[in-house]
Amino acid sequence: MWESMLKYQDLMWESIGETFVMVGISILAALLVGLPLGTLLYFCRKGQLYENRSLSLVLNSIVNVVRSFPFLLLVVALIPVTRFLVGTAIGTVASTVPLSVVAVAYYARLVEQSLLEVPRGTIEAALSMGASKLELIFKFLYVEARSGLVLGLTASTISFISFSTVMGVVGGGGVGDFAIRYGYQRFETEVMVYAIVVMIVLVQLIQFTGSTVARLLDKR
């Protein structure tokens with residue numbers, strides 16, 4: 001295996017970089033769009049502060065459809081959208097479009113679940129103190145749910161890494177594509193094992209970091 005590692009180390013680093021680009025942009029999309037969407041899903045639920053059954057039905061339907069869609073088929077279905085947004089349907093940047101769509105839907109649901117764990121009394125206390133909508137969200141809800149939000153983002157990140165391994169079908173690259181092209185297709189088992197070990201180490205580091213941060217933020 002050491003010979004394979006030395007032989008393909010440059011390609012492996014390149015593949016890791018491609019994975020970081022795909023996952024990094026997906027995480028950014030999850031935070032910028034998924035977090036507000038999950039918050040909106042929470043507030044529109046039946047019995048919540050800004051209950052809106054029609055909007056809740058529409059948003060939940062969209063999130064559920066995206067989450068239940070087979071990822072590989074979603075990648076293919078979004079090719080016209082990807083080409084429109086980034087000018088091409090092939091490459092690492094193009095791969096971030098379907099990954100970001102899944103990231104938004106996936107994290108939005110986890111955000112909603114985390115916010116549901118916030119005691120109702122917290123909201124009532126915030127409103128009794130005259131908190132505005134933004135203050136209610138940022139100074140009370142997110143603060144109380146911060147540990148769950150971090151754990152949700154950690155779980156999402158690991159899922160995004162898993163999704164990124166199939167982006168080789170559109171030339172997205174990444175560690176998964178490296179394992180298939182240089183390991184499986186060339187019948188070099190050691191190269192596949194090498195790539196798998198890299199993925200395992202990467203996931204373990206992310207899980208450890210996320211769990212540690214969540215534990216530090218959890219003041220309950």
Side-chain angles (χ1 to χ4, degrees), residues 20-69 71 74 78 81 85 96-163 203 205-220:
F20 280 166
V21 170
M22 290 187 285
V23 175
I25 293 178
S26 300
I27 293 173
L28 186 62
L31 290 173
L32 294 181
V33 184
L35 181 59
L37 177 58
T39 306
L40 187 58
L41 283 168
Y42 166 77
F43 276 122
C44 290
R45 286 176 63 95
K46 181 179 179 181
Q48 294 300 332
L49 189 60
Y50 305 110
E51 178 181 340
N52 188 321
R53 295 189 178 184
S54 298
L55 182 58
S56 179
L57 178 61
V58 172
L59 294 178
N60 273 289
S61 297
I62 294 173
V63 170
N64 290 336
V65 167
V66 173
R67 280 167 51 86
S68 61
F69 214 100
F71 183 65
L74 180 65
L78 288 177
V81 178
L85 291 175
T96 63
V97 175
L99 276 172
S100 296
V101 171
V102 171
V104 167
Y106 195 93
Y107 190 55
R109 184 63 73 198
L110 294 178
V111 168
E112 180 191 19
Q113 294 172 358
S114 295
L115 296 180
L116 285 171
E117 296 178 359
V118 176
R120 183 74 179 182
T122 300
I123 299 176
E124 295 174 353
L127 294 176
S128 67
M129 289 186 288
S132 64
K133 293 179 181 179
L134 289 179
E135 288 175 336
L136 172 62
I137 294 172
F138 289 99
K139 293 186 178 181
F140 292 89
L141 278 177
Y142 286 171
V143 171
E144 288 294 319
R146 56 192 175 185
S147 179
L149 293 174
V150 170
L151 287 175
L153 185 61
T154 301
S156 299
T157 302
I158 293 173
S159 296
F160 304 158
I161 292 175
S162 176
F163 290 141
V203 168
L205 286 174
I206 292 172
Q207 183 64 65
F208 174 78
T209 302
S211 298
T212 301
V213 172
R215 186 171 62 254
L216 293 174
L217 291 176
D218 190 358
K219 301 302 182 181
R220 290 174 294 179

- Query: For Glu124, what residues pass the side chain to side chain donor-acceptor pair (under 3.5 Å) criterion, not counting sequence neighbours?
  - Reply: none

- In short, Tyr107 meets Gly34 closest at the heavy-atom pair CD2-C, 4.3 Å

- Query: Does the side chain of Thr154 reach to within under 4.5 Å of the side chain of Phe208, using non-hydrogen atoms?
  - Reply: no

- Query: Heavy-atom distance under 4.5 Å between the side chains of Gln113 and Glu117, does that happen here?
  - Reply: no

- Pairwise distance CG(Leu216) to CZ(Arg146) - rounded to 0.5 angstrom: 10.5 Å

- Over all heavy atoms of both residues, which pair between Phe163 and Leu99 is shortest? Give the atoms and the distance, please. CB-CD2, 3.5 Å

- Message: One pair to check against side-chain contact (heavy atoms from CB on, under 4.5 Å): Val66 and Val104. What are the steps and the verdict?
- Response: CA-CA 9 Å; Val66 173; Val104 167; over 6 Å; no

- Message: Could you report the tightest heavy-atom contact between Ala105 and Val63, atom names first, then the distance?
- Response: O-CG1, 3.6 Å

- For Asn52, which residues count as a side chain to side chain donor-acceptor pair (under 3.5 Å) partner, sequence neighbours excluded? none

- Query: What residues form a side chain to side chain donor-acceptor pair (under 3.5 Å) with Ser211, not counting sequence neighbours?
  - Reply: Gln207

- Message: So, taking the atom named OG1 in Thr122 and the one named NZ in Lys139, what distance separates them when rounded to the nearest 0.5 Å?
- Response: 16.0 Å

- Item | Gap between atom CD1 of Ile206 and atom CD1 of Ile27 - 0.5 Å precision | 7.0 Å

- Query: Is there a side-chain contact between Leu217 and Leu149 (heavy atoms, below 4.5 Å)?
  - Reply: no

- Query: Just how far is it from atom CG of Leu153 to atom CZ of Phe160, taken to the nearest 0.5 Å?
  - Reply: 7.0 Å

- Item | Validation row: Arg215, Leu151 side chains within 4.5 angstrom (heavy atoms) | no

- Item | Side-chain donor-acceptor pair present, Ser68, Asn64, cut-off under 3.5 Å | no

- With no hydrogens and no angle check, is any side-chain donor or acceptor of Ser159 less than 3.5 Å from a backbone partner on Ala155? yes

Name every donor-acceptor pair, under 3.5 Å, that has one atom in a side chain of residues 38-46 and the other anywhere in the protein, sequence neighbours excluded.
| from | atom 1 | to | atom 2 | distance (Å) |
| --- | --- | --- | --- | --- |
| Thr39 | OG1 | Leu35 | O | 2.8 |
| Thr39 | OG1 | Tyr142 | OH | 2.6 |
| Tyr42 | OH | Gln48 | OE1 | 3.4 |
| Arg45 | NH1 | Glu112 | OE2 | 3.0 |

- Task: Check side chain to side chain contact (heavy atoms under 4.5 Å, CB included) between Thr209 and all other residues, then give those that pass, not counting sequence neighbours.
- Result: Val213

- Query: In terms of heavy-atom contacts, does CZ of Arg53 have more than 12 from other residues, nucleotides or ligands at under 6.0 Å?
  - Reply: no

- Of the non-hydrogen atoms in Leu78 and Pro98, which two are nearest, and what is the gap between them? CD1-CA, 3.8 Å

- What are the two closest non-hydrogen atoms of Ser147 and Ala214, and how far apart are they? OG-O, 3.1 Å

- Note on the structure: CG of Leu141 to CG of Leu136, rounded to nearest 0.5 Å, is 4.5 Å

- Item | Taking every non-hydrogen atom, the tightest pair across Leu110 and Ser156 | CD1-OG, 3.3 Å

- Residues two or more places apart in sequence or in another chain: which of them pass side chain to side chain donor-acceptor pair (under 3.5 Å) with Thr157? none

